[in-house]
Amino acid sequence: MAQEENTAAAPTTRALRVAVGAIAVAMSIYHMWVAGFGPPEALIFRGTHLLFALTLVFLLFPLRPGGNVAARVFDAALLLLGWAAVLHIFIDYQAFTNRIIYIDDLTPWDIFHGIALILVVLEGTRRVIGWALPLTAIVFIVYAALFTQVKFPVLLEQLYYSTEGIFGSTLGVSASYVMLFVLFGAFMERSGTGQLFMDFAMSITGHQAGGPGKVAVVSSSLFGTVSGSAVANVMVDGPITIPLMKRTGFRPPFAAAVESVASTGGQLMPPIMGAAAFVMAEFLAVPYATVALWAAIPALLYYVAVFSAVHFVAKREHLAGVPRAELPRLPRVMIDRGHLFFPIVIILAGLFMGYSAPLSALVAALACLPVALLRATTRAGITWRSVLGALEEGARNTLAVAMACACAGIVIGCVTITGLGITFTQVVIALAQNSLVLALILTAMAGIVLGMGMPTTPAYIVMVSLLVPAIIKLGAVTPAAHMFAFYFAILSAITPPVALAVFAAAGLAKANMWASGWAAMRAAAPAYIVPFMFVYEPALLLIGDWTTSLHATISATFGVILLAAGSFGYLLRPATPWQRALLVVAALLLIKPGWATDLAGLALAALVGGVQLARSRSAAARATAG
């Protein structure tokens, strides 16, 4: 996530701990039952999901941790209001389904409960993820209520009494998709899969030049299948990889940059991407597997870029890897722990065979602990408490997304009822002067700014509501426009000044935050360029014929490697300033689709490579003669 949720306060009494654990476990079991046997009607399902989330939020995020009686009474009052507002619809559900929306008048009780739920959702969201998203929602409510022709009862009906507001599709995504995949991640962690990822990465890359940095890239991309949070990824991998990188000679800012960039890419990496990817599937009415397929090549380019950055820096500074004697052996890793990959295979197989994403995640989650019990090497510590712990952790880890999706529903409801999306589209087109590239630049800047203040999912939702329609109208294909917004909502995690993944990694590396942020942007430079390219050539999203996609992928792969070479000043040997400039130009020409630009890029790369090869041979000859 671009912004991490606030830290939950530990329950202060045993009774409260037991209550929180029981509610969290019940929440997880309910969603697993729904995934297996089918959901109730949309409003009932989403409302139940919200009730669970609100209950846990006000128990785990009190107004004042360990506060006085007044604070606890206030928290209880807000929780009761939230329950009353949702149950008001449940109890009178027949009247709700039979009424004519926007025609039948709201009763005073309807108005009271509608206002109450909006306030409770805003406050609950603030407690979990901070002020940015609630303030954004408040601005939209004020605009809709005071500066448009929409009457307040109509606005209230949109936000509370329909499936176009709080109970909209975004909350449905949290309930249907996110909850199950977060549960899968919790079960994966309890099964010891994190150690498998680290050992696997160490065994295949640890001995190479800059090995610890490459380990960070590989292990973080794998851990991204478990954690949708960039900072959480940093805090799991970083304590191991960052000291190793520093020990083998990497400068602290670069070590922090590599870990933060690799961790942030977890949200882009199929098969299990960040929560916003599930929202995208819902918005575009396509299977989640289709979104994962679109993301495959850009994710590959992202990790090739950061892997290349590590390699070139290691070569330039003559950094060796970890001695083989200190590394785990790949055959032994696979024999001891390789079976823990099986749940990921289950998800891939389920998606490939056409089963729903939630059902695939459910089966994979249920398989995690039994698979861990298959061998003595992974059996230790797996008990019934592991099951309860995973169920509780899965519910807790869903709270930030659930509240963000409910609050984002307020924004979407206001945009829809006021027609603000159409107005904003016209403004963006006017500012861009009908230029797609200018509209893309405006959207990219907005995505990074929004991502600085709120998690990826609501940042993406706001962009889809206000900015994406403009770039679609200017000629971008719809999947590319959505993927563009998705990428730039994520990249704020590594873009100063509010680069929380970099901040976390810099703390572990004891490095300067700004130096780390600059290094992170250089290491992830293709991630800022590739989204522009796949808008102009959707073949990079595997849209279109396979020959075009293959050509675009190969040329872009060479492009991101050369961009890393130019950024960090090494190809076959240290690069001079003019060589670095030519490498960057060659990279941009190769990343841009088209035979003419590809040939020009290859010619420039060959020129630099030829000059460097000649100098290397000359230096070797002089050394031999000497």
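Hydrogens, waters and symmetry mates play no part in the numbers below; they use all other heavy atoms, side chains included.
Judged by distance alone, with hydrogens and angles left aside, the side-chain atoms of Gln612 form a donor-acceptor pair with the main-chain N or O of Leu572 at under 3.5 Å. One N or O on the side chain of Arg316 and one on the backbone of Phe568 form a donor-acceptor pair closer than 3.5 Å. Checked by atom type and distance alone, the side chain of Arg324 never pairs as donor or acceptor with a backbone atom of Arg329 at under 3.5 Å. Side chain of Thr378 to backbone of Leu374: no donor-acceptor contact under 3.5 angstrom is found. Here the side chain of Ser260 pairs a donor or acceptor atom with the backbone of Ala256 at under 3.5 angstrom. With hydrogens and angles ignored, the 3.5 Å screen pairs no side-chain donor or acceptor of Thr193 with any backbone N or O of Glu189. A donor-acceptor pair under 3.5 Å links the side-chain atoms of Ser203 to the main chain of Phe200, judged by distance alone. Not one N or O on the side chain of Ser191 forms a donor-acceptor pair closer than 3.5 Å with the backbone of Leu369. Remark: side-chain polar atoms of Arg580 are paired, donor with acceptor, to backbone N or O of Ser567 under 3.5 angstrom. No side-chain donor-acceptor contact under 3.5 Å links Gln579 to the backbone of Val608.
The shortest heavy-atom contact between Ala520 and Ile494 is CB-O, 4.2 Å. Of all heavy-atom pairs spanning Arg337 and Thr377, the tightest one is NH2-O, 4.0 Å. Residues Pro271 and Ile344 share a closest heavy-atom pair of CG-CG2, 4.3 Å. The shortest heavy-atom contact between Tyr288 and Ile272 is OH-CA, 3.5 Å. Of all non-hydrogen atoms in Thr548 and Ala539, the two that sit nearest each other are CG2-CB, 3.6 Å. For the residue pair Leu540 and Pro298, the shortest heavy atom distance occurs at O-CD, 3.4 Å.
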Chi angles and distances behind the side-chain hydrogen bond (donor to acceptor under 3.5 Å, both in side chains) call for Tyr528, Thr495: CA-CA 10 Å; Tyr528 296 89; Thr495 307; 2.6 Å; yes
side-chain contact (heavy atoms from CB on, under 4.5 Å) between Thr457 and Ile461, worked out: CA-CA 6 Å; Thr457 303; Ile461 290 168; 3.9 Å; yes
CA sep, side-chain torsions, deciding dist, call: Val584, Leu563, side-chain contact (heavy atoms from CB on, under 4.5 Å): CA-CA 5 Å; Val584 171; Leu563 188 56; 4.1 Å; yes
Stepwise ring pair (Phe, Tyr, Trp, His ring centres under 6.0 Å) test for Phe484 and Phe532: CA-CA 7 Å; Phe484 186 91; Phe532 287 86; 5.1 Å; yes
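A donor atom on one side chain and an acceptor atom on the other are not found under 3.5 Å apart for His311 and Tyr570. Inspection of the Tyr303 and Ser220 side chains reveals no N or O donor paired with an N or O acceptor under 3.5 Å.
Between Phe181 and Tyr177, the ring center distance fails the sub-6.0 Å criterion. Residues His551 and Trp595 bring their aromatic ring centres within 6.0 Å.
The number of heavy-atom neighbours closer than 6.0 Å to CZ of Phe342, taken from other residues, nucleotides and ligands shown, is 12 or below.
Contact check for Met483 versus Met280: side-chain heavy atoms found under the 4.5 Å cut-off.
With salt bridges taken as basic N to acidic carboxylate O contacts below 4.0 Å, none links Glu259 and Lys246. The pair Glu537-Lys592 does not meet the salt-bridge criterion, since no charged nitrogen lies less than 4.0 angstrom from a carboxylate oxygen.
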